[in-house]
Each structure stands twice: as C-alpha cells, then as structure tokens.
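The structure appears below as structure tokens.
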Amino acid sequence: MKNTTLCYIEKDGQYLMLHRTKKENDLNHDKWIGVGGKFEENESPEECLLREVQEETGLTLTEFRLCSVITFLSDRWEGEYMYLFHATDYTGTLSACSEGELVWVEKEKAMALPTWEGDRLFLRRMADASPFFTLKLRYEGDVLKEAVLNGRENLLKD
C-alpha cells in the first residue's frame, strides 16, 4: 500500500481542480481531482502535502486541515492510504502543472465533473466541514463496489 496526499484548495467558493490529461498510464487520466501525490522517504503527511502542492501549483499553503484518511482498494491498481486535506489560505502565484490543467471550479459544479464515484462521497463530507472521518473505497475496474464510513456504515446500501 502506498501513501499519498490529496488536497482541495478553496477560494471564494471554488476548489482548485486538476484535470489530469498529461501523464501516461495515469489511473486518474481525464478525471478531475485535487492536487497531491506520493510520499517521499521519511515524509510526514503534512510534508508531502506542502511539497506536492508547491510542485504542482506553485502555491505555498498557510492554512489547512486533515479531513480524512481514505483506504483505496482496486483489482487493477496498487492499494493506497490517502490523506485528504482541505486548504483555505496560501501564498504565491498559481503556475502551470505538468500533470494537467489547473482550474478554479465552483464547489457545486465540482461534483458534476468526471471524477471517481468515491471522490463525491468524501467531497460532500469535506464541504460540510464534517469531523475527521475514515473511508474505505473498493473498486472493481472503474466501478465503486464498497464504501465504508468510519469502519461501520456502508454508504452503498442496496
């Protein structure tokens, strides 16, 4: 299982979204997501977050919170523990990203963009400023088959 960060930077009712279009063999190809990436050796979640946001956006976060730890499981991709952050302040000037196009998107419209089904589940909780939560998301191909909140509640009730 790899460790990653994902951050949604918010400004004026909008999230900074990354439309992933530039990397080859990208499991997120053509999806809209926040910014982040894989831990480097000996990094904490916060250190990874700050480095990845700086590398992908040119911004330096000054105000952020850890919202969730999400367990991603897939029959196609390596498993992942993802630390989900929400940022509300930063310094610097937005720069181009080598992984896709960075776009400020109204929060309400973010849910309608092509993204992973599980992303909509954690975006709702993050937008509502829910207390810290855990989420297990299990995919078969691109289909979400299991979503368990805080180890107890199945969000995909039949």
Do [X] and [Y] have side chains that get closer than 4.5 Å, going by heavy atoms?
X	Y	value
H19	L113	no
I70	L137	yes
W104	I9	yes
L156	L144	yes
L6	F85	no

[X] versus [Y], closest heavy-atom pair with distance:
X	Y	result
T62	Y90	OG1-N, 3.4 Å
L18	G100	CD1-C, 3.6 Å
M126	R65	O-NH2, 3.7 Å

Exam field: side chain [X] to backbone [Y], donor-acceptor pair closer than 3.5 Å:
X	Y	answer
E56	V53	no
T115	W32	yes
R125	S130	no

Subject >> Pairing residues for T134 by the side chain to side chain contact (heavy atoms under 4.5 Å, CB included) criterion, not counting sequence neighbours >> reply: F132, N150

Subject >> Under the side chain to side chain contact (heavy atoms under 4.5 Å, CB included) test, residues paired with A110 that sit two or more places apart >> reply: Y15, M17, V105

Between [atom1] on residue [X] and [atom2] on residue [Y], distance to nearest 0.5 Å:
X	Y	atom1	atom2	result
L66	E46	CG	CD	7.0 Å
K145	S74	NZ	OG	12.5 Å
S68	L121	OG	CG	11.0 Å
S95	L59	OG	CG	7.0 Å
M82	F122	CE	CZ	4.0 Å
Q14	K11	CD	NZ	6.5 Å

Subject >> E80 versus T4, side-chain donor and acceptor atoms under 3.5 Å >> reply: yes

Original post:
Do the side-chain N and O atoms of T5 and E52 include a donor-acceptor pair separated by under 3.5 angstrom?
Top reply: no

Original post:
When you look at Q54 and T60, which way does the side-chain hydrogen bond (donor to acceptor under 3.5 Å, both in side chains) test go after all the steps?
Top reply: CA-CA 6 Å; Q54 175 66 42; T60 300; 2.9 Å; yes

Subject >> Linked hydrophobic residues, L73 as query - side chain contacts closer than 4.5 Å >> reply: M1, Y81

**OP:** Mind running side chain to side chain contact (heavy atoms under 4.5 Å, CB included) on T88 and F64 for me, showing each step along the way?
**Re:** CA-CA 6 Å; T88 54; F64 56 88; over 6 Å; no

Original post:
If you measure from the Lys or Arg side-chain nitrogens to the Asp or Glu carboxylate oxygens, is any gap between E140 and R138 under 4.0 Å?
Top reply: yes

Original post:
Charged N to carboxylate O under 4.0 angstrom, E55 versus R51?
Top reply: yes

Original post:
Between Y83 and F39, is the ring centre distance below 6.0 Å?
Top reply: yes

Original post:
Does the side chain to side chain contact (heavy atoms under 4.5 Å, CB included) test come out yes or no for R124 and M111, once each step is laid out?
Top reply: CA-CA 9 Å; R124 272 190 217 100; M111 300 292 239; 3.0 Å; yes

Subject >> D89/L61 under side chain to side chain contact (heavy atoms under 4.5 Å, CB included): CA gap, chis, key distance, verdict >> reply: CA-CA 6 Å; D89 203 11; L61 298 181; over 6 Å; no

**OP:** Kindly determine whether L135 and V148 satisfy side chain to side chain contact (heavy atoms under 4.5 Å, CB included), including the steps that lead there.
**Re:** CA-CA 6 Å; L135 189 60; V148 179; over 6 Å; no

Subject >> Parallel, tilted or perpendicular: ring planes of Y139 versus W116, cut at 30 and 60 degrees >> reply: perpendicular

